[in-house]
Colleague: 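Sharing a structure below in structure tokens format, with a few things to ask.
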Amino acid sequence: MYTNIASLLAKLDSFILYIQDKNPAVVLLTETWLDPIIPDSVIGLNDFNLYRTDRTTRGGGVGIFLNKALFTDFSIKSSSKNFGNIEVVSVNCTSRHINLSLVCIYRPPSSNIIDDQLLFDEIKSLSSLHSNLLIFGDFNFPKISWPNILISDNDGSEGLFKDMLLTTNLAQLVTFPTRFRIGHTPSLLDLILTSDQNLLSKIEQNPPIGVSDHCVIEASIQYFIPSVEKYCIKEFSKINFDNMKFDLASKNWDFLYATGSCGDAWDIFATTISDAMAKNTVKTKIRFNRKKPWITQPFIRRANVKKRLWARYKATGTQADYDQHRNFSNILKQDLKKAKQNYETKLVTSGPKAVFKYVRSKLSTKVSVPIVADKHNKLATSETETANLLADFFESVFTSEPVGSLPSYQRPVTQLLSDISFSEDVVLGELEKLSENCCPGPDGISALVLKRCAIDLAGPLSYIMSCSFKTSTLPSSWRQALITPVFKKGDKTKPENYRPISLTSICCKIMERIIRKHLHLFCEQINIISPNQHGFLPRRSTVTCLLHCINNWTLSLERNIPIDVIYLDFEKAFDRVPHRRLLYKLEIAGIRGLLLRWIEAFLKNRCFSVKVGSLYSTKRTVLSGVPQGSVLGPILFLLYISDLLALIKSSHSFYADDGRLYGNPLENSQAIQDDLQIIHKWTCDWLMPLNNSKCFVLRLGKNNPNTNYTIENHSLKTVREINDLGVLIDKELVFSEHVAYVVKRANIKTYLFQKIFTNPNGDLMKKLFVSYVRPIIEYASVIWSPYLIKDKQLLEKVQRRYTKTVVNLKNKSYENRLTELKLPSLEKRRIVNDLVCTYNILSNKFSINLNNIFVMANTSRLRGHTSKLFHEEYKTRWRQNFLTNRVFHLWNNLDEQIVNSRTVNSFKKGLNIHLNDVL
């Protein structure tokens, strides 16, 4: 628990009562108002140790109480500092598994900017030294609006503080007011800064202690202790594919074709592959250091020699023995550093897979073997119990479809799709496209084996698929899924904070891919999927969805027309699709015969098990939903909700189940409300409920009337910004908040790479930047590309700061660093992205019509190429900075040969040469 107590002595009885009632493990206090002459015994607690920093004059002071029970698991070290009238106390709690740093800070309102800068430098230093850092304190920054720290520019200490947060790996977690005074607006003064947002859960606001005007903040510290040994023995398998292909080629598959049963044929096929793998596989065991792969046995033996040298010096006390120990230690330290550098270099030469695997193991908060609690908040005591609790939750979201008549649904049938061919050539083509890194499903057959032996396996697989299709049956392993729970964020003990990742049979996925191609072609022919649906479809994406919306919104704002945007959130949409209703819709759409019967067999009698550690939950039956982790699931979902989009009259755009309606509230508010009623009725009829608490209204435009919209008598909450498909859309459409958001995420990645790699070379850091950092700050940049100089500079600082992490480039200029690493500036990259998007639109590379975004200059009197854009007149910054006007001059100045490029790659190649000359 933490609070600003404003005189601990005056509120000591209330404080002790609170502690006895709540029994916290850690207590942090600011404004203790203690004098150095007051001993700990006066204000101490029997079961706690106190670490404090006092102010020599009246006021201020901080303290941390630690429950003595912690000392059985942790060794504790404390330190304290003063920066003028700013007090800081910190404790490091170290165990065999974790190092946790707790800091308490009081910064008074009268603090000057020099002391503040010293404090912020100290916080930066702490953030770079400690991976599990929690900072609690009263910072007295009432003018900063949380969590939107860039709503308005702040000078002085507020600006320095925000810059510090933006350029470190720290996040601020408190979102509610913490000080309440009569006659004053409640303010957020008490903050929690952390290096890992998942270190704390259940952050709650509680009443003040005594008559204090600051509330008490309570939270649970949670950390994961990996249940693995320091050293691990791992078994590696190496398959001799030449011999395996020879064995498979010599097999007589005629007996497979004679079985007549899809299940029997699959069993023979799977057994044959398993036997061939066992016969041609050599297994080796390697003992390695799980945490530090470069620390090998010779280093461990040398560490023991170092201990013996130190013991000899302790026994003799001679200078010669001390020098021998010191020299040996220095050499060992240098050799360890070289070993790590060699390991990092080897990672680069080993290929991207090895690099990314190593980096992924360091980047996120991993919970490889979770422990979750049941509904009574009792923690599971075994991996099996945890697996079953997670399975219970994943099973609870399914829809129980009632019997009886189905809702009315009509659609003219213009074409039928009932038969699909699974010829050997088609199957071979799909096998050759497989990624070798895919994880095998419940049957244990890997993508690597299927791809390497594709020629020999295409024939029998073609037969099995054809048999499955004709008999409308699937092998049992094709209808099973192994689920691995992956932690998202929040409380690690809650099952709802884990995402189910399903592994299904790769052979079944190949059959699904073949069927999906035919379904996509069929949907295009009968025009069943709305052009306003952008999800999981070829040549459509989140960018096309957002571009379509932002174009319409900015055009309305240009004409001084306000816009209300309604964001819809379906609750567990993919898991709730009822099977009987889905099959009914597919039949009405024209999917009939063998195909419909096979899809019915594919959906029904499915089951899943959750894997935790090395153990599994009991098998659970899948009652509803399109199978997650499957290939067919997304297209089946789009077909299920296709009629909903046809019912909506207002302007709208969907990405799968993420929907947004929008219109002019001055003229069309009733139409929007009517559409919301239609959507609600559809969700009731087709058993796809909305999560009303996560449906919001974003209001754009200065003369917006703030119309109230309801769903099922629930008024939708108005937000000033919303994360729309990964882009922060704010009510001003300025995107400065989004820039700050991506810069913060990119800087956290930069910080982590600095911690992971000690002396990285340029090739490694460039690969990490291009793979992990740059995609963050470039995703959908055609939507939000900044026009404010401060935002452009903020983005460029990410690459500027990152390139300094390369040791041999640290002292060179930014331009020289970019030249050495062969990296363009981020501003140039955004220009390229804008022009490539323009090329794709004008060349009809997208499967939906976005040409209305641009107005072509249809005249022969212009010089240059024949695809020139017409200059759009604009009065507002919204249209001035939209894609069409950002690219106008650049596009019109391109050469004819570049504009008429046949492929995107050839366009990019010509564009880069052109931009090198003009920029």
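These numbers come from the heavy atoms of this one structure, side chains and all, not from hydrogens, waters or symmetry mates. In this text, all values refer to a predicted model and were calculated from it rather than measured experimentally.
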Colleague: Hey, are the side chains of S715 and Y709 touching, using non-hydrogen atoms and a 4.5 Å cut-off?
Modeller: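 Answer no - side chains too far apart.
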
Colleague: Under 3.5 Å, side chain of N497 to main-chain N/O of D491, donor-acceptor pair present?
Modeller: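 Yes; judged by distance alone, with no hydrogens or angles, the pair exists.
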
Colleague: Salt bridge or not between R52 and D40? Use side-chain N to carboxylate O under 4.0 Å.
Modeller: yes

Colleague: Determine whether the side chains of D564 and N704 contain a donor N or O and an acceptor N or O closer than 3.5 Å.
Modeller: yes

Colleague: Using a strict threshold of under 4.0 Å (side-chain N to carboxylate O), is an ion pair present between R107 and D138?
Modeller: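 Answer for the salt bridge query: no.
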
Colleague: Is a side-chain N or O of D374 found less than 3.5 angstrom from the main chain of N377, in a donor-acceptor match?
Modeller: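 A pair under 3.5 Å: yes.
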
Colleague: Rounded to the nearest 0.5 Å, what separates atom CG in L8 from atom OG1 in T30?
Modeller: 11.0 Å

Colleague: Below 4.5 Å, heavy atoms only, C-beta onward: do I217 and V174 meet side chain to side chain?
Modeller: yes

Colleague: Is a side-chain donor or acceptor of K68 paired with a backbone partner of N46 at a separation under 3.5 angstrom?
Modeller: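 Yes; judged by distance alone, with no hydrogens or angles, the pair exists.
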
Colleague: Measure the shortest side-chain to side-chain distance between L66 and C93 over non-hydrogen atoms and say whether it is less than 4.5 angstrom.
Modeller: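 They are in contact (side-chain heavy atoms under 4.5 Å apart), so the answer is yes.
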
Colleague: Any side-chain to backbone donor/acceptor pair from E158 onto I144? Under 3.5 Å, distance only.
Modeller: no

Colleague: Under 30°, 30 to 60°, or over 60°: which ring-plane class applies to Y741 and H738, parallel, tilted or perpendicular?
Modeller: tilted

Colleague: Measure the shortest side-chain to side-chain distance between P108 and I86 over non-hydrogen atoms and say whether it is less than 4.5 angstrom.
Modeller: yes

Colleague: Count the heavy atoms of every other residue, nucleotide or ligand shown that sit under 6.0 Å from CD of E496, and state whether that count exceeds 12.
Modeller: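 Counting other residues, nucleotides and ligands, CD of E496 exceeds 12 neighbours.
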
Colleague: What's the separation between atom NZ in K378 and atom CG in L389, rounded to the nearest 0.5 Å?
Modeller: 10.5 Å

Colleague: Do any N or O atoms from the side chain of D21 and from the backbone of L17 form a donor-acceptor pair under 3.5 angstrom?
Modeller: no

Colleague: Parallel, tilted or perpendicular: which fits the ring planes of F139 and F161, with parallel below 30° and perpendicular above 60°?
Modeller: tilted

Colleague: I'd like to know if R55 and E87 make a salt bridge, using a cut-off of under 4.0 Å between side-chain N and carboxylate O.
Modeller: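 Result for this pair is yes, salt bridge flagged.
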
Colleague: So, the side chain of T194 versus the backbone of L133: is there a donor-acceptor pair under 3.5 Å, distance only?
Modeller: yes

Colleague: Are any of the side-chain nitrogens in D13 or K11 under 4.0 Å away from the carboxylate oxygens of its partner?
Modeller: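 Here D13 does not pair with K11 in a salt bridge, since their nearest N and O are not under 4.0 Å apart.
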
Colleague: Charged N to carboxylate O under 4.0 angstrom, R179 versus D190?
Modeller: no

Colleague: What's the separation between atom CD1 in I777 and atom CG in N747, rounded to the nearest 0.5 Å?
Modeller: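 CG of N747 is found 9.0 Å from CD1 of I777.
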
Colleague: Using a 3.5 Å distance criterion without hydrogens, assess whether the side chain of E721 forms a donor-acceptor pair with backbone atoms of E737.
Modeller: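 Not at all, since once roles are kept as given, no pair shorter than 3.5 Å links the two residues.
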
Colleague: Can you confirm if the aromatic rings of F393 and Y498 lie within a centre distance of less than 6.0 Å?
Modeller: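 No, too far apart.
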
Colleague: Taking the basic N atoms (NZ, or NE/NH1/NH2) and the acidic carboxylate oxygens, is any pair closer than 4.0 Å for E122 and K81?
Modeller: yes

Colleague: Can any side-chain N or O of Q172 pair as donor or acceptor with the backbone N or O of I192 at less than 3.5 Å?
Modeller: yes

Colleague: Taking the six-membered ring for Trp, are the ring centroids of Y567 and F696 within less than 6.0 Å of each other?
Modeller: no

Colleague: Give every residue pair that meets the ring-ring contact (aromatic ring centres under 6.0 Å, His included) criterion with at least one member in residues 46-72, sequence neighbours excluded.
Modeller: F15-F65

Colleague: Determine yes or no for a side-chain-to-main-chain donor-acceptor pair under 3.5 angstrom, with S212 supplying the side chain and H214 the backbone.
Modeller: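 The answer is yes, because a donor-acceptor pair under 3.5 Å joins these two groups.
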
Colleague: Got a second to check how far N169's CG is from S195's OG, nearest 0.5 Å?
Modeller: 5.5 Å

Colleague: Could you point out which residue of T32, I43, D35 forms a side-chain contact (heavy atoms from CB on, under 4.5 Å) with L9?
Modeller: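 With L9 as partner, T32, I43, D35 yield a single side-chain contact (heavy atoms from CB on, under 4.5 Å), made by I43.
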
Colleague: Ignoring hydrogens and angles, tell me if any N or O in the side chain of E385 forms a donor-acceptor pair with the backbone of T381 under 3.5 Å.
Modeller: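 At least one qualifying donor-acceptor pair exists.
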
Colleague: Using side-chain heavy atoms (C-beta onward) and a distance below 4.5 Å, is T178 in contact with Q205?
Modeller: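 The answer is no, as the side chains (C-beta and beyond) never meet within the 4.5 Å cut-off.
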
